Amino acid sequence: MQNKSVKVNYIFSLLNSILGVIFPLITFPYVTRVISAEGIGQVQFFTTINDYIILFTSLGIPLFAVREIAKVRDDKERRNQLTVDLFFLHTIFTIFGYIVVFILSLTLPKIQENLPLFFLLSVGIALNTLGVQWFYQAVEDFGYITLRSLIVKIICLILLFLLVHSKDDLFYYGIVQLLGIGGNYIFNFIRLNKYIYSWSKYLKKISLYKYISPSLRVFLLNITVGIYTQISFLLLGFMSGNKAVGFYSMPFRITSVSLTIITALGAVLLPRFSNLYGQNKTEEFEMLGNKAISFIIAATLPMSIGLFLLAEPITLIVCGEDFYSSVIVLKILSPVLFIIGMSQIYGKYMLYSLGKEMLMVRCTLLGLIVFLLVGIPLINIYAEKGASIATLCAELCVTLYMIIAG
């Protein structure tokens, strides 16, 4: 397979990320005014539960697959066999995931408040497996990823304005949210035939057990990261209610949108780092890492400062006056841009490519412990503001430990 330019890949990845910024800027002001904070909070709460199920059913396969397929991407036979094996292993665990979905729907009162919405959003669990997003990252097919995302976003934007007009249209809002991700996954599965011409050929040699042990190590990393990143929404939902989740989730989304410059770079770097390490190109690996760190520092520091200074106008423009309580949350979360930028480069893209996932597990567990120690008392008193302070403290501890120990 042709070795694609990192710069070209980054341009495509960044363009895709910019699209991810533009469309929320269009939809956020509309959604926050049409759908109440409580409604947005409920969608986010259900999505968080499904994200946890996806985390467990994935068994570390997506992140493991990006690294391992990137190492052998030039060997078509090994690449395709690995892809088919991992896809079917993922499918088996997804079936167990839906058993959990039905158990939760029968036992949790907060889910029973809106079962149709919960079941709708749970379709994303199956689509996540079907989408094999990890394959396209590993082979660095970023041109396709960008075009596909543009088409899906335009369709979802049209549907949003056609279907969602009041608080009573929360279910339709859930459909749009689901299609925003699920549409990408459907395109992914259809296009996979471009790379794998004969599934039956690889199904005859399928082997699943040998991947369970190594993927479990990545799963341990994923589960700690997943719990760590989503725990704030769950604690807020149970301790302070859906409205607090709504006030927290919108600034959280704004900072996440701002992080697209990092995710765009990371999507390119992870398979490239893995490929360089697999070929023992140590010098090129270090040079690429140093360039990436310098870029992240230069990009995220000004962004963090700007987000802090402009928190009020940004919140009011994007979310409206009903979300004025989110202004202080956005100010507290603004330094997270720089902090996460550094931890992503050191951890997710460099240390993981070197096979040091257990070090990353220790870093993330530290962050989870810090969040719980700081967050539980503060959320109980200050709700969404307490959650944002706990998030900032936890992210800072994770990044410092990662840099020192790595």
Side-chain angles (χ1 to χ4, degrees), residues 23-24 27-58 90-91 93-131 152-189 226 230-250 252-253 319 322-323:
F23 279 85
T27 60
F28 277 4
Y30 181 76
V31 170
T32 53
R33 288 164 175 79
V34 173
I35 303 293
S36 66
E38 185 172 355
I40 293 172
Q42 187 173 64
V43 171
Q44 182 63 59
F45 182 68
F46 288 165
T47 300
T48 299
I49 292 173
N50 286 320
D51 285 345
Y52 273 125
I53 296 173
I54 289 172
L55 176 65
F56 280 92
T57 57
S58 295
H90 197 176
T91 301
F93 285 104
T94 299
I95 294 172
F96 289 104
Y98 275 101
I99 296 176
V100 176
V101 167
F102 285 106
I103 291 174
L104 292 177
S105 69
L106 295 174
T107 57
L108 285 184
K110 284 188 72 66
I111 289 177
Q112 292 171 351
E113 291 176 6
N114 197 336
L115 279 176
L117 180 63
F118 177 69
F119 285 132
L120 170 72
L121 295 173
S122 70
V123 175
I125 299 170
L127 293 176
N128 176 73
T129 303
L130 190 70
V152 171
K153 282 180 172 63
I154 291 174
I155 293 173
C156 289
L157 183 63
I158 294 171
L159 289 176
L160 177 68
F161 291 124
L162 285 177
L163 299 176
V164 181
H165 302 112
S166 70
K167 295 178 182 179
D168 297 330
D169 294 328
L170 186 61
F171 186 81
Y172 294 121
Y173 175 60
I175 292 176
V176 175
Q177 290 286 93
L178 177 65
L179 288 178
I181 299 175
N184 291 325
Y185 293 153
I186 293 171
F187 277 119
N188 282 359
F189 188 74
Q230 298 291 337
I231 193 69
S232 56
F233 294 108
L234 284 181
L235 283 180
L236 272 174
F238 283 112
M239 295 176 65
S240 303
N242 290 332
K243 196 169 186 178
V245 176
F247 287 142
Y248 177 79
S249 66
M250 298 314 291
F252 190 87
R253 288 188 187 184
C319 304
D322 289 342
F323 282 76

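What you see is a predicted model; the values in this text were computed from it and never measured.
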>> Could you check whether any side-chain heavy atom of V43 comes within less than 4.5 Å of a side-chain heavy atom of I35, counting everything from C-beta outward?
In response: no
> Does the Y30 side chain pair with the main chain of V164, one donor and one acceptor, at a distance under 3.5 Å?
Replying inline: yes
> Counting only N and O atoms by type, is there a donor-acceptor contact under 3.5 Å from the side chain of Y172 to the main-chain atoms of H165?
Replying inline: no
> Between D169 (side chain) and S166 (backbone), is there a donor-acceptor pair under 3.5 Å?
Replying inline: yes
> Are F118 and F45 close enough that their ring centres sit under 6.0 Å apart?
Replying inline: no
>> Could you walk me through whether L179 and L159 satisfy the side chain to side chain contact (heavy atoms under 4.5 Å, CB included) test, starting with their C-alpha distance in whole Å, then the side-chain angles of each, then the deciding distance to 0.1 Å, before giving a yes or no?
In response: CA-CA 10 Å; L179 288 178; L159 289 176; 3.6 Å; yes
> How far apart are the C-alpha atoms of L104 and I53, what are their side-chain angles, what is the distance that settles it, and do they pass the side chain to side chain contact (heavy atoms under 4.5 Å, CB included) test?
Replying inline: CA-CA 11 Å; L104 292 177; I53 296 173; 4.1 Å; yes
> Stepwise, does the side chain to side chain contact (heavy atoms under 4.5 Å, CB included) test hold for T57 with N128?
Replying inline: CA-CA 10 Å; T57 57; N128 176 73; 5.7 Å; no
> Can you tell me if CZ on F161 sees more than 12 non-hydrogen neighbours from other groups inside 6.0 Å?
Replying inline: yes
> Centroid-to-centroid, Y98 to F119, below 6.0 Å?
Replying inline: no
>> Students often mix this up, so state it plainly: with edges at 30° and 60°, are the rings of F252 and F233 parallel, tilted or perpendicular?
In response: perpendicular
> Which atoms form the tightest heavy-atom contact between G124 and L178, and what is the distance?
Replying inline: N-CD1, 3.5 Å
